[in-house]
Amino acid sequence: MSKELAVDVKNLTYTYPGDFTALRDINLKVEKGEFLGIIGQNGAGKSTLVKGITGLIKPTKGEIMVLGDNTKEVGIAEMSVKVGMVLQNPDNQLFAQTVEDEVAFGPENLELPEEEIESRVQKALEYVGLEDIRDVFPPSLSKGDRAKVIIASVLAMEPEIIIFDEPTTGQDFRGCHQIVNVARELNEAGHTIIMITHHMALVAEYCSRVLVLCQGEVLMDGPTGEVFGKPEELAKTHIVPPQITVMGNNLWSELGLDGALLKVEKAKEVIRNKVKVET
Amino acid sequence: MIKYFYADTLIHNLDPRVKIIILALISISIFLITNPVILGIIFVALIIFWQVAHLPLKNMATYFKFLMGLFIFLIIVQALLYGGDTILIAPVVPEFVPLIGGIGRITLEGILFGVFVSARVLILVSLLPLVGMTTPVDKLALAISKMGVNYRMSYVITTAINLIPLFQVELAQIMDAQKLRAFQVFEEGRLMEKMKAYPALVVPMVIGAMRRAQLMGVAMDSRAFGAQQYRTYIEDIEMVTRDWVVLIIGSIATIGLVVVNYVW
Ligand SMILES: Nc1ncnc2c1ncn2[C@@H]1O[C@H](COP(=O)(O)OP(=O)(O)O)[C@@H](O)[C@H]1O
Ligand SMILES: [Mg+2]
């Protein structure tokens, strides 16, 4: 028995009004509980694909099933509790006067009872560590905190699948890791996570599987180690694996590796063992 | 949208000042012309210009679809109010009733006048791409400032033109973000709800615009914007014989049509 599917994209083709085909015949199955990374050059179609999954845009050809429902047949409100998405540009997602109102915006639209909204807001703000700045005007926060407010406002919808569209672009090192750590925690708590990013080191560190898009088509799809183990393929779309992986790929036999080197911790361990043996 | 695209055509290569002057002349003449045949001639000429400039006629169809509501409104209003002798539908209130007599009467003349006014609007809208889509914005700025408008002012105008498509993209993003949080007032809300929802749409737009303007200001200052009263241009524009010929023929033809309209 295969695991239950969170997302099932079948032969998806999407053409923007004005006749630009951004995605061509995409197939993608995401199982519940996966942490999928999507990478590719700007304009490859990453955002278009995830917009399709959220139901914001409907397939031109093919279909997208989310938790068993066809996105063509499900309304906005129903979709929003299945899939949440942190969009690419943080500043176009903040429209309330206070952090609290911002996070409450979604649950209010769902017409939830007041106590339920209050408890969701509290929980979401605690999750991202912003419970002390409820009354601040969101746009006046730092970039890292603005991103956290948006994440909290998505969490308050309690969606099963959470998509992050380039959450780390323009964030500093600490901001990146804080954001991706929230994603990891959510994944460990059972949410299916899909993350688009240009930070290959983060992909190697956090994602169990990677989808590589190139000019609207799937170039590669597989476990992170496998994808980063084929630098020649990745070079076709100008992607270079993280430095630690490149080192591993080059010193494969010297280090006695049995798979692609993805994490710094793992690299340390391998090298330490090697050095010990030889001295 | 009206966005510049490159092509090597007569209209693309004209001096932008010529295009602006002829655009202005035709725009004025449309409102002076009362004869449908002459308006028709202008419309045909316009379609030919679109072909010459390689503009997709599909766009004109899009404007037409977009303005359909306005046209229907105009035609209905004129049909009811314009008056005329060819009565198609008898009045709801009989003619002999004082003051409100004749209300609800629909005349052929009214409908035709509604169509005529709609055609004026369509022509006016279809004129803009002939300048906007064939002239890079920086050339437009240069032309405006060479026609005597202060450089700062022309910079403001052209920057605004440049930013419109950007704002449209941002507006779409904001609405997407709202939909993702189950907000559907703009899809199925009532009018009052929509009115109340607008601030949430405008706030991020304005804040984004102010952020951008501030950054732009710093970048411009740091590159000496406005340091001198006059400035030079990397690519100047100059009227050549071709420009003069088009300007003279275009002006005479346009003014001629207006004259014919009144003399005929
Ligand atoms: N609203 C739109 N209308 C027309 N084309 C679009 C629109 N949005 C995106 N595109 C085009 O679709 C392609 C894929 O865009 P996108 O999915 O945003 O790429 P990515 O997120 O991988 O950078 C790009 O070439 C982009 O120009
Ligand atoms: Mg994108």
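Chain A is the first sequence line, chain B the second, and so forth, proteins listed ahead of strands; every chain is numbered from 1.
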Which heavy-atom pair separates A:Leu110 from B:Ala182 by the least distance, and what is that distance?
CD2-CB, 3.6 Å
Residue part contacting chain B, namely of A:Met85, when any heavy atom lies under 4.5 Å:
both
Work out which heavy atom in A:Ser80 is nearest to a heavy atom in B:Leu180; give both atom names and the distance.
CB-O, 3.2 Å
Using a 4.5 angstrom heavy-atom cutoff, name the option from A:Val86, A:Leu87, A:Val81 with the most pairs to chain B.
A:Leu87
Please look at B:Ile207 and chain A and tell me whether the side chain, the backbone, both or neither of the residue comes under 4.5 angstrom of a heavy atom of that chain.
side chain
Lys/Arg-Asp/Glu bridge criterion (N-O < 4.0 Å) met for B:Arg181, A:Glu102
yes
Within a radius of less than 6.0 Å around CD of A:Gln215, do more than 12 heavy atoms belonging to other residues, nucleotides or ligands occur?
no
For the CZ atom of B:Arg212 and the CG atom of A:Asp91, what is their distance to the nearest 0.5 Å?
10.0 Å
Counting heavy-atom pairs under 4.5 Å with chain A, which one of B:Asp176, B:Val203, B:Thr62 comes out on top?
B:Asp176
Spacing of CG belonging to A:Asn92 relative to CD belonging to B:Glu170, to within rounding of 0.5 Å
4.5 Å
Residues, nucleotides or ligands: over 12 heavy atoms within 6.0 Å of B:Phe225 CZ:
yes
Most contact-rich option vs chain B, by heavy-atom pairs under 4.5 angstrom, among A:Asn109, A:Ile57, A:Asn89, is A:Asn109
Find the one option among A:Pro107, A:Gly84, A:Pro138, A:Ser153 whose heavy-atom pairs under 4.5 Å with chain B are most numerous.
A:Ser153
Heavy-atom pair with the smallest gap, counting every atom of B:Pro204 and A:Phe95
CG-CB, 3.9 Å
Please classify the contact between A:Leu94 and chain B as side chain, backbone, both or neither, with a heavy-atom cut-off of under 4.5 Å.
backbone
Chain B: which of A:Glu78, A:Gln97, A:Gln93 shares the most heavy-atom pairs with it under 4.5 Å?
A:Gln93
Greater than 12 external heavy atoms within 6.0 Å of A:Lys123's NZ
no
Got a sec: does the CE of B:Met220 have more than 12 other heavy atoms crowding it under 6.0 Å?
yes
Got a sec: does the OH of B:Tyr233 have more than 12 other heavy atoms crowding it under 6.0 Å?
yes
Option in B:Met205, B:Met175, B:Arg211 with maximal non-hydrogen atom pairs under 4.5 Å from chain A:
B:Arg211
Take atom NZ of A:Lys61 as the centre, draw a 6.0 Å sphere, and report whether it contains more than 12 heavy atoms from other residues, nucleotides or ligands.
no
Engaged part of A:Gln88 at the chain B interface, taking heavy atoms whose separation is under 4.5 Å:
neither
Identify the two heavy atoms, one from A:Ile76 and one from B:Lys179, that lie closest to each other, and give their separation to 0.1 Å.
CG2-O, 3.1 Å
Does a sphere of radius 6.0 Å around CE in B:Met147 hold more than 12 heavy atoms from other residues, nucleotides or ligands, not counting ones at 6.0 Å or beyond?
yes
Around atom CZ of B:Phe64, are there more than 12 heavy atoms from other residues, nucleotides or ligands closer than 6.0 Å?
no
